[in-house]
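All remarks here apply to the structure that follows.
Atoms considered below: every heavy atom in the structure, side chains included; atoms not considered: hydrogens, waters and symmetry mates. This structure is a prediction, so every number in the text was calculated from the model and none was measured.
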Amino acid sequence: MTFDHLLDAIIGPREHFHDMECHICGYDEIFFLHPVTKKQIGVACIGCNFVMKFDN
C-alpha cells in the first residue's frame with residue numbers, strides 16, 4: 001500500500017494545512033484540514049510511515 005492510499009484509508013478527503021520537521025526522522029510532518037469544514041483532521045509523516053487522525 002502506498003503512503004497516499006494509507007492517507008486515503010485513514011484520513012480520507014483532506015487539504016494540506018501546514019508542515020514542519022518531524023522530531024523523530026527529520027522529514028516533513030504534514031497537517032491536514034477537512035476540505036469542507038476546514039477543521040484539522042490529521043497529521044502524517046512519510047519518513048516514519050506515521051498517520052494519525054484526530055478525533056473530532
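In this structure, H34 NE2 and Q40 CD are separated by 13.5 Å, a value rounded to the nearest 0.5 Å. How far OG1 of T2 is from CG of D8: 7.5 Å, rounded to the nearest 0.5 Å. Considering CG of D4 and CD1 of I46, their distance stands at 7.0 Å, rounded to 0.5 Å. One distance of note links CE of M20 with CG of D28; it measures 10.0 Å at 0.5 Å rounding. Atom CD of E29 is separated from atom CG of D19 by 10.0 Å, given to the nearest 0.5 angstrom. Expressed to the nearest 0.5 Å, how far CZ of F31 lies from CE of M52 amounts to 7.5 Å.
Within a 6.0 Å sphere centred on CZ of F3, other residues, nucleotides and ligands contribute more than 12 heavy atoms. With a 6.0 Å radius and a threshold of 12 heavy atoms from other residues, nucleotides or ligands, H16 has its NE2 atom above the threshold.
Minimum interatomic distance between A44 and V51 (heavy atoms only, all atoms of both residues): CB-CG2, 4.1 Å. Scanning all heavy atoms of the two residues, the minimum distance from C45 to Y27 falls at SG-CB, 4.2 Å. The two residues E21 and G26 come nearest to each other via the heavy atoms CG-O, 3.6 Å.
Hydrophobic clustering (side-chain heavy atoms under 4.5 Å, transitive across Ile, Leu, Val, Met, Phe, Trp, Tyr) keeps I30 apart from I24.
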